[in-house]
Chemist: 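Before I ask anything, here is the structure I am working with.
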Amino acid sequence: MVDPRIIREKPEWLRQKLRDRGLAFDLDGLLTLEAERRRLLAELERLRARKNALSEEIGRRKRAGQDVATLVAESAGIDPALKGLTEQQRKAQEQLDALLLTVPNPPHDSVPVGADAGADQEVRRWGKPRELAFTPKPHWELGEALGILDFERGARLAQTRFAVLTGAGARLERALINFMLDLHTREHGYTEAAPPLLVNAAAMTGTGQLPKFEEELFKTRDEGLYLIPTAEVPLTNLHREEILPPGALPKKYTAATPCFRREAGSYGKDTRGLIRQHQFNKVELVWFTEVGASYEALERLTADAEEVLKRLELPYRVVALCTGDLGFASAKTYDLEVWLPGHGDFREISSCSNCEDFQARRAEIRYRRHPKAAPEYAHTLNGSGLAIGRTWIALLENFQEADGSVTIPDVLRPYLDGEKRLAPR
RNA sequence: GGAGGGGUGGCCGAGCGGUUGAAGGCGCCGGUCUUGAAAACCGGAAUCCCGCAAGGGAUCGGGGGUUCGAAUCCCUCCCCCUCCGCCA
């Protein structure tokens with residue numbers, strides 16, 4: 001949520017920031033509503049103050065045994081106006097709140113301005129794609145030939161965009177999860193969490209999935225709970241409605257969880273292969289920082305995610321998303337894109353974002369700098385470290401051999417009983 | 001699913017319908033004492049909103065009601081705990 005004060009005090013700045021995102025947002029409507037809300041509130045509070053004063057006086061006189069009839073009559077006379085104002089004010093506040101929840105995070109000044117992904121800026125590149133003496137195959141051909149990937153049965157069990165990994169494929173999935181969690185917990189200082197995979201609407205609102213993106217979420221019919229689309233949701237909401245004591249920040253969490261996305265509106269996209277599934281595993285990284293520390297933290301978090309790719313020897317590039325390509329809650333995002341020989345292109349494998357205080361405001365995540373200091377909204381960051389399914393794809397496609405076998409990178413071998421390669425049966 | 005108990009400040013825990021935003025304790029901050037610390041003693045300190053300020057308003061799980069006045073009474077929803085049943 002944007003700071004309502006900014007709407008009042010820097011409307012032109014906000015208007016430009018939203019325009020940079022490619023949004024024609026009705027800021028004037030918002031401004032009018034906010035002014036009206038404050039006018040009603042001031043009037044309402046004036047009446048309430050009078051009523052409180054009367055009640056106090058009535059109490060005093062009653063104890064003194066004096067007559068209170070005229071005071072009671074005046075107090076009762078205020079009621080109709082009070083009732084009407086209360087209702088008007090409540091409506092204005094509700095409208096304003098609902099509208100505020102739909103305003104995206106203004107981009108940070110360092111974010112390149114642009115309309116769409118075409119304006120994203122490559123920041124750096126790491127590793128060189130292998131020179132292959134044969135035409136690389138896409139992962140679905142490799143996986144099915146290796147007997148470790150099965151889309152047909154996935155669809156039979158659920159529907160399209162679900163897959164089954166079997167044998168070495170399932171073990172590889174598990175190995176990747178364990179390798180990444182070990183790296184982040186042992187070397188990067190993250191606390192591992194195993195959070196609920198179903199969360200309530202308040203949690204989804206806190207991170208920004210609700211109210212605008214409900215159609216992307218799976219929801220349980222009886223309880224009204226939502227399946228998480230990313231562990232960012234439970235991890236960031238871990239400290240919802242808390243005031244963290246001095247010295248508590250930064251806090252860093254990681255979790256490996258399945259993620260569930262309805263992928264509404266992407267019917268034609270990535271229909272083949274594991275790239276876009278309704279369910280996939282992901283290792284997530286989440287930071288809570290003090291206000292001045294979040295951009296330094298974004299670089300660190302991104303580096304932590306990059307380290308996974310480096311150790312797996314997977315070539316990648318880092319891209320700074322432009323204003324028009326930024327997610328709803330993010331003020332700045334780096335995407336990590338891994339090289340996929342079977343696709344002949346780079347594909348997103350991680351997205352690392354600084355949400356500044358946008359989520360903290362929605363979720364009431366605050367901290368104190370000093371024991372006596374006033375609470376401030378924390379900054380929250382999140383990034384994939386990494387998406388497991390897409391890493392699985394990248395391994396198959398990058399380390400494939402002419403005979404369809406796949407070499408296992410060194411760091412992963414301890415997680416696979418020393419296995420050096422996956423070979424067709 | 002059945003039966004019962006309970007939700008008060010960072011935590012524990014009091015609270016006859018009227019100076020209770022809320023006793024007391026723990027923890028926290030400042031001070032006195034001390035070489036230093038601890039202990040002891042004294043003092044301070046909730047959160048949010050409106051307002052330049054003075055000040056005002058709201059908040060005792062959420063919402064609604066009764067009343068001039070509700071943490072205290074009524075209704076309703078949510079959550080937690082205990083026991084029984086079922087179950088990974």
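Letters A, B, ... mirror the listed sequences (proteins, then strands); counts begin at 1. What you see is a predicted model; the values in this text were computed from it and never measured.
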Chemist: Counting only N and O atoms by type, is there a donor-acceptor contact under 3.5 Å from the side chain of A:R276 to the main-chain atoms of A:R161?
Modeler: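 Pair absent, no side-chain N/O of A:R276 close to backbone of A:R161.
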Chemist: Touch check for A:K62, heavy atoms < 4.0 angstrom, all strands: base, sugar-phosphate only, or nothing?
Modeler: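 Since a base atom lies under 4.0 Å of A:K62, the category is base.
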Chemist: Would you classify A:R37 as touching base, sugar-phosphate or nothing, given that sugar-phosphate means primed atoms plus P, OP1 and OP2, and contacts are heavy atoms under 4.0 Å?
Modeler: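 Sugar-phosphate contact only - A:R37 comes under 4.0 Å of backbone atoms but never of a base.
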Chemist: Please work out whether the ring planes of A:W287 and A:Y190 are parallel, tilted or perpendicular, with thresholds of 30° and 60°.
Modeler: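 The rings of A:W287 and A:Y190 stand perpendicular, inter-plane angle above 60°.
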Chemist: Distance between the C1' atoms of B:G36 and B:U72, in whole angstroms?
Modeler: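 After rounding to an integer number of Å, I get 50 Å for this pair.
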Chemist: Identify all pairs in which a protein N or O lies below 3.5 Å from an N or O of nucleotides 53-63 of chain B, and state each distance.
Modeler:
unit_1: B:G56; atom_1: N2; unit_2: A:E45; atom_2: OE1; d: 2.9
unit_1: B:G56; atom_1: N2; unit_2: A:E45; atom_2: OE2; d: 3.4
unit_1: B:G57; atom_1: OP1; unit_2: A:N52; atom_2: ND2; d: 3.0
unit_1: B:A58; atom_1: OP2; unit_2: A:N52; atom_2: ND2; d: 3.3

Chemist: How is A:R8 classified with respect to the nucleic acid when contacts are heavy atoms under 4.0 Å: base, sugar-phosphate, or nothing?
Modeler: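 A:R8: backbone/sugar contact only, no base atoms under 4.0 Å.
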Chemist: State the pairing partner of B:C41; accept Watson-Crick or G-U wobble contacts with both distances under 3.5 Å, and report none otherwise.
Modeler: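 By the stated definition (distances under 3.5 Å), B:G31 pairs with B:C41.
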Chemist: Considering every strand and a 4.0 Å limit on heavy-atom distances, what is the contact class for A:R368: base, sugar-phosphate, or nothing?
Modeler: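 Sugar-phosphate, no base atom in range.
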Chemist: Output a table of donor-acceptor pairs, distance under 3.5 Å, between side-chain atoms of residues 242-252 of chain A and any protein atom two or more places apart or on a different chain; print 'none' if there are none.
Modeler:
unit_1: A:E242; atom_1: OE1; unit_2: A:H239; atom_2: ND1; d: 3.0
unit_1: A:K252; atom_1: NZ; unit_2: A:H188; atom_2: O; d: 2.7

Chemist: By nearest nucleotide on RNA chain B, pick out whichever of A:I243 and A:V72 is the more 5' one.
Modeler: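 Its nearest nucleotide being more 5', the pick is A:I243.
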Chemist: Hey, could you give me each pair passing ring-ring contact (aromatic ring centres under 6.0 Å, His included) that has a residue in residues 358-383 of chain A? Not counting sequence neighbours.
Modeler: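 Sorted pair list: A:F328-A:F358.
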Chemist: Distance check, P atoms only: B:G55 and B:G69, in whole angstrom units.
Modeler: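 Nearest-Å result for B:G55 against B:G69 at atom P: 27 Å.
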Chemist: If you look at every strand shown and take non-hydrogen atoms under 4.0 Å, does A:S55 touch a base, only sugar-phosphate, or nothing?
Modeler: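 Since a base atom lies under 4.0 Å of A:S55, the category is base.
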Chemist: Of A:R48, A:R50, A:K51, which is the lone residue that meets salt bridge (Lys or Arg N to Asp or Glu O under 4.0 Å) with A:D79?
Modeler: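 For A:D79, the salt bridge (Lys or Arg N to Asp or Glu O under 4.0 Å) check succeeds only for A:K51.
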Chemist: Do the charged groups of A:E307 and A:R311 touch, with an N to O distance under 4.0 Å?
Modeler: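 The answer is yes: the pair qualifies as a salt bridge.
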Chemist: For the C1' atoms, the ones on B:G6 and on B:G65, what distance do you get once it is rounded to whole angstrom?
Modeler: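 Nearest-Å result for B:G6 against B:G65 at atom C1': 23 Å.
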Chemist: Whole angstrom is fine here: how far is it from CD in A:E36 over to C1' in B:C50?
Modeler: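 In whole Å, B:C50 C1' and A:E36 CD are 15 Å from each other.
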Chemist: If the condition is side chain to side chain donor-acceptor pair (under 3.5 Å), which residues does A:K282 pass it with, not counting sequence neighbours?
Modeler: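 Once residues adjacent in sequence are excluded, the partners of A:K282 under the side chain to side chain donor-acceptor pair (under 3.5 Å) criterion are A:T230, A:E284.
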Chemist: What does nucleotides 73-81 of chain B look like as a protein-contact string, B for base, S for sugar-phosphate only, - for none, at under 4.0 angstrom between heavy atoms?
Modeler: ---------
Chemist: Please measure how far the P atom in B:G1 lies from the corresponding atom in B:C50, and state the result in whole Å.
Modeler: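 Roughly 42 Å separates the two P atoms.
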Chemist: Using the C1' atoms only, state how far B:G43 lies from B:C68, rounded to an integer number of Å.
Modeler: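 It comes out at 39 Å once rounded to the nearest Å.
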Chemist: For B:G1, give the paired nucleotide (Watson-Crick: N1-N3 plus N6-O4 or O6-N4; G-U: N1-O2 and O6-N3; both under 3.5 Å), or none.
Modeler: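 Pairing partner, where one exists within any strand: B:C84.
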Chemist: Need one value for A:P375: base, sugar-phosphate or nothing, where a base atom within 4.0 Å counts as base even if backbone is also close, heavy atoms only.
Modeler: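 A:P375: backbone/sugar contact only, no base atoms under 4.0 Å.
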Chemist: If I compare all heavy atoms of A:P80 with all of A:A76, which pair ends up nearest, and what's the gap?
Modeler: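 So the minimum-distance heavy-atom pair works out to CD-O, 3.7 Å.
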Chemist: Partners of A:Q93 by side chain to side chain donor-acceptor pair (under 3.5 Å), sequence neighbours excluded?
Modeler: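 For A:Q93, the residues satisfying side chain to side chain donor-acceptor pair (under 3.5 Å) (neighbours in sequence not counted) are A:R37, A:D97.
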